[in-house]
Amino acid sequence: MIKLNNVTEFDRNILLSTLWVFILINMVYADIIGMLRPGYLELLERMSKELNSATVLTFSILMEIPIMMILLSRILPRTSNRIMNFVAVPITITYVIFGGLENPPISYLFFGTVEILAMLLILGITCKWKKDISSSENY
């Protein structure tokens, strides 16, 4: 179990940001490895005909959330950071579970499980992030 009793706010921000990097790398590699499965090119061709611009924009926005959280987790103060993580984690978990293929390969399930576990860790760290009395944060 990770103990965060004597962790400074700066260290916690680095840890949260690093976890978001870890999640994003897993997302990218899930897609790269997914390209290796038989029939991928045919699936890509079929999907390119079925997807409209609004759907592609929606997926782009959903992918931007973990990208954005890498930076925001690093620079935001405690209160804003907690709020953003409490919003970003459930949205991203939902995207990981329901935003993929109908019949995902086992590699997607593996990467998705790792991503979700890391996001649950983020939630745990964020929930236990106590307000530092000596902090100058006023919001």
For residues Asn85 and Trp20, is any side-chain donor paired with an opposing acceptor at under 3.5 Å? yes
For Val28, which residues count as a side chain to side chain contact (heavy atoms under 4.5 Å, CB included) partner, sequence neighbours excluded? Ile32
Set of side chain to side chain contact (heavy atoms under 4.5 Å, CB included) partners for Ser17, sequence neighbours left out: Ile70, Ser73, Arg74
Calculate, to the nearest 0.5 Å, the distance between atoms OH and CD1 belonging to Tyr108 and Ile33 respectively. 10.0 Å
Please enumerate all residues that pass side chain to side chain contact (heavy atoms under 4.5 Å, CB included) together with Met84, with sequence neighbours excluded. Met68, Met69, Leu72, Leu76
Between Glu115 and Val96 (side chain of the first, backbone of the second, donor and acceptor by atom type, cut-off under 3.5 Å), is there such a pair? no
If I take atom CG from residue Leu62 and atom CD1 from residue Ile67, how far apart are they, to the nearest 0.5 angstrom? 11.0 Å
Working to the nearest 0.5 Å, report the span between CG of Leu16 and CG of Leu121. 8.5 Å
Non-neighbouring partners of Thr58 that pass side chain to side chain donor-acceptor pair (under 3.5 Å), sequence neighbours left out: none
Remaining members of Ile106's ILVMFWY cluster at a side-chain heavy-atom cut-off under 4.5 Å? Leu109
With a 3.5 Å distance limit and no angle check, can you tell me whether Ser60 reaches the backbone of Val56 through a side-chain donor-acceptor pair? yes
The side chain to side chain donor-acceptor pair (under 3.5 Å) partners of Asn26 (sequence neighbours excluded) come to none
Checking one residue: Met35. Which other hydrophobic residues are in its cluster under the side-chain 4.5 Å linking rule? Tyr40, Leu41, Leu44
Glu42: partners by salt bridge (Lys or Arg N to Asp or Glu O under 4.0 Å), with sequence neighbours left out: none
Partner residues of Thr18 under the side chain to side chain contact (heavy atoms under 4.5 Å, CB included) criterion, sequence neighbours left out: Ile14
Residues forming a salt bridge (Lys or Arg N to Asp or Glu O under 4.0 Å) with Glu64, sequence neighbours excluded: none
What distance separates Leu57 CG from Leu51 CG, expressed to the nearest 0.5 Å? 12.5 Å
Close side-chain approach of Phe59 and Met63, heavy atoms under 4.5 Å: no
Taking atom CZ as the centre, does Phe110 end up with more than 12 heavy-atom neighbours from other residues, nucleotides or ligands that are less than 6.0 angstrom away? no
